[in-house]
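To start, the structure under review is shown below, and the notes come after it.
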Amino acid sequence: MARHLITSALPYINGIKHLGNMVGSMLPADVYSRYLRQRGHEVLYICATDEHGTPAELAAKEQGLPVAEFCAQAHDAQKAVYDGFALAFDYFGRSSSEQNVEITQHFARRLNENGFIEERAIRQVYSPTDGRFLPDRYVEGTCPHCGYDKARGDQCENCTRVLDPTDLINPRSAISGSTDLEVRETKHLFLLQSKLQHEVEEWVSRHEDDWPQLASSIARKWLTEGLHDRAITRDLDWGVPVPSDTWPELAAEGKVFYVWFDAPIEYIGATKEWSDLDPSNRDWKSWWYDVDTDVRYTEFMAKDNVPFHTVMFPATELGVREPWKKVDYVKAFNWLTYYGGKFSTSQKRGVFTDQALDILPADYWRYFLIANAPESDDSSFTWEHFTATVNKDLADTLGNFVNRVLSFSKKRFGEEVPAGGEPGEAEAKLGEEIARLLSEYESQMEALQFRKAAAALRALWSAGNSYLEEKAPWLEIKTDKDGAALTLRTAMNLIHLYAVVSEPFIPATSAAMRQAFALSDDTATWITQDEAKSLTALTPGIPFTVPPVLFAKLTDEDLENYKERFGGSPE
């Protein structure tokens, strides 16, 4: 079996992320990682906080903290939320780590040796009021393309177009708000992407047919427009320093690398952070260096991150002329909107992940978000849709099935799995249907089609309810006690199957279902097709308990409370 390296877009350090960020990167990566582990694959799921760049400095200044202290606190706060969502990272690192500094500087030196970095004098925005050159994100103004009046000097949040600070209309300092800005000459390092255009095109052409259309179309658009040489240093106090042994003048001026240069390298850096914790048993290079035929590398990200990971970072990796692992599959997502408007960290619009966990346990959110993942197009979060999904799929279809099967069996047969008669035509028909739906679920998970996988999982749950309605053990027991016992034993086996195969979506609930049965050797990581057909994992006499309600139904009062707290529209 291939080893699977999985990364998700690094969450930026300035603030707790919203649900759109969660569903566009980290959560689907976790679901996929959990599934692969269940199927027996060796998996390494790596992520980290992205800690460099101007927003980190601005956020630290706003809180009156040294930027290093701010980032350390923010990293811990974010990690606590991700733990709450049960994201099973193998390692969650920090882009400010010594390992990332070391590897980023190595990449820069190698690019320079190979003729892909050039020092250039440029004209840059300078603020006399602030007494400093302003990096691109320190300049705000109106986007010349869409008219958004809060565009940053590197990218417009509204239309996602990449910008230079001098492109902005009516620019102002993000530090002081001053419009008294000048353009002065300073020196920076440029990555000569134009010299790598042909190599990147060849690399993309070998992969794009396998990628989702969203990822390949974005990569192709950037290549068609042509790769431009890009400044990869900034005038900041916080970042990966330009190495003095290679660029002594720029190092003396305090130049640091641009966050988009060092952040993708942190995937490698975080793996080394993980490896350095146990170097005798972990080899970070075995995942990243000269391993093209051994490791399958899958990245998860929202569409605004796609250009950097399908064009810019591959150009960097190609330019170092070393056999670093490049991504095999880019799983790109569209936007999750809030009542049709964008979730926004900076504008504090929408539901944020810490708020979500204050309202309901993680499994409610995990299931809803993946079942409605914005894969083929944008999808909209509304409280009405969330409430309806929780009630129909989780409370009624899954939760109610588990509760009524175990409660009724306990009442009529005691606290052990009943024996009953031999399986008949209804059980054979059910087994065939469960095996078919399980195969569909597996196929969609293998294809990273999460909405379709959720639909197949939901159909598995529904099949149990259909069987229960058909057999009606509450009536059957009046005339055929053994038949009713068989029905309940079969349904309990379905619960065990659901506990196993639902784990990537709803891990806490899956654990509760599995723990309902006192199996001494329950080591099942997956259910085979034959096991699905026979549904005999639970034999008669195994003790069981009725777990607490798995999913509480949400009421009209809950709905109104949510809308009052967060608003029923993005405005």
Side-chain angles (χ1 to χ4, degrees), residues 52-54 104 107-108 110-125 133-139 141 143-146 151-169 171 183-205 207-208 215-236 239 242 247 250 255-265 301 303-321 326-327 330 332:
H52 293 139
T54 55
T104 297
F107 269 51
R110 292 289 294 159
L111 288 164
N112 185 60
E113 292 167 8
N114 296 328
F116 296 118
I117 287 183
E118 183 175 281
E119 186 176 325
R120 295 179 182 176
I122 65 169
R123 295 177 64 78
Q124 186 175 338
V125 175
F133 284 101
L134 298 180
D136 41 18
R137 282 202 175 202
Y138 275 36
V139 186
C143 176
H145 303 288
C146 70
R152 302 185 304 256
D154 64 337
Q155 187 176 29
C156 176
E157 185 185 47
N158 186 57
C159 70
T160 75
R161 291 290 290 268
V162 173
L163 303 170
D164 285 320
T166 53
D167 295 334
L168 295 172
I169 301 167
V183 177
R184 298 184 182 181
E185 187 173 280
T186 186
K187 291 182 179 179
H188 281 286
L189 299 179
F190 277 72
L191 177 62
L192 305 183
Q193 295 183 135
S194 60
K195 294 177 67 173
L196 291 158
Q197 166 104 22
H198 182 64
E199 293 180 51
V200 176
E201 284 183 324
E202 287 187 342
W203 178 79
V204 169
S205 68
H207 294 83
E208 62 182 332
S216 58
S217 64
I218 291 174
R220 185 53 58 186
K221 175 178 180 292
W222 277 62
L223 289 169
T224 300
E225 293 176 354
L227 297 188
H228 302 287
D229 301 340
R230 189 174 182 111
I232 58 168
T233 52
R234 294 293 188 269
D235 295 281
L236 290 170
V242 169
W247 296 282
L250 297 186
K255 306 286 187 185
V256 300
F257 285 109
Y258 177 39
V259 62
W260 266 115
F261 183 72
D262 82 86
I265 297 172
M301 68 197 66
K303 58 186 176 183
D304 57 330
N305 286 322
V306 168
F308 301 101
H309 292 79
T310 60
V311 175
M312 294 183 185
F313 186 47
T316 298
E317 288 187 293
L318 289 164
V320 298
R321 301 298 191 237
K326 299 168 191 68
V327 66
V330 178

Intermediate values then yes/no, side chain to side chain contact (heavy atoms under 4.5 Å, CB included), Thr186 and Ile122: CA-CA 6 Å; Thr186 186; Ile122 65 169; 4.1 Å; yes
Can you list the steps and then say if Leu236 with Tyr258 is a side chain to side chain contact (heavy atoms under 4.5 Å, CB included)? CA-CA 9 Å; Leu236 290 170; Tyr258 177 39; over 6 Å; no
Take Thr104 and His52 through the side chain to side chain contact (heavy atoms under 4.5 Å, CB included) test and state the conclusion after the steps. CA-CA 13 Å; Thr104 297; His52 293 139; over 6 Å; no
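Using a 3.5 Å distance cut-off with no hydrogens or angles, the side chains of Gln193 and Gln197 do not pair a donor with an acceptor.
In this structure a side-chain-to-backbone donor-acceptor pair under 3.5 Å is present from His188 to Thr233. Proximity of a side-chain donor or acceptor of Lys195 to a complementary backbone N or O of Gly115 within less than 3.5 Å is detected. Under the 3.5 Å distance criterion, the side-chain polar atoms of Asp229 are matched with a main-chain donor or acceptor of Ser194. For Asp136 (side chain) and Pro165 (main-chain N/O), no donor-acceptor pair under 3.5 Å exists by modelled atom type.
Two residues are said to be in side-chain contact when any heavy atoms from C-beta on lie closer than 4.5 Å; Gln155 and Leu163 fail this criterion.
Sparse packing is recorded around NZ of Lys187, with 12 or fewer heavy atoms of other residues, nucleotides or ligands lying under 6.0 Å away. Heavy-atom contacts from other residues, nucleotides or ligands closer than 6.0 Å to CZ of Arg161 number 12 or fewer.
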Just distance, no hydrogens or angles: give the donor-acceptor pairs under 3.5 Å from side chains in residues 306-316, sequence neighbours left out.
unit_1	atom_1	unit_2	atom_2	d
His309	ND1	Asn305	O	2.9
His309	NE2	Tyr267	OH	3.0
Thr310	OG1	Val306	O	2.8
Thr316	OG1	Met312	O	3.2

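Distance check, rounded to the nearest 0.5 Å: SG of Cys156 to CG of Leu168 gives 9.0 Å. How far CZ of Arg184 is from CZ of Arg123: 10.5 Å, rounded to the nearest 0.5 Å. One distance of note links NE2 of His228 with CG of Leu192; it measures 13.5 Å at 0.5 Å rounding. Put simply, CD1 on Ile232 and CZ on Phe116 are 12.5 Å apart, with the number rounded to the nearest 0.5 Å. Between the NZ atom of Lys303 and the OG1 atom of Thr160 there is a distance of 7.5 Å, given to the nearest 0.5 Å. The line from NE2 of His145 to CG of Asn158 is 12.0 Å long, rounded to the nearest 0.5 Å.
Shortest non-hydrogen contact noted between Phe257 and Leu189 is CE2-CD1, 4.2 Å.
The ring-ring contact (aromatic ring centres under 6.0 Å, His included) search around Phe190 returns none, not counting sequence neighbours.
The salt bridge (charged side-chain N to carboxylate O under 4.0 Å, His left out) pairs that include a residue from residues 255-265 are Asp235-Lys255, Glu253-Lys255, where partners are two or more places apart or lie in different chains.
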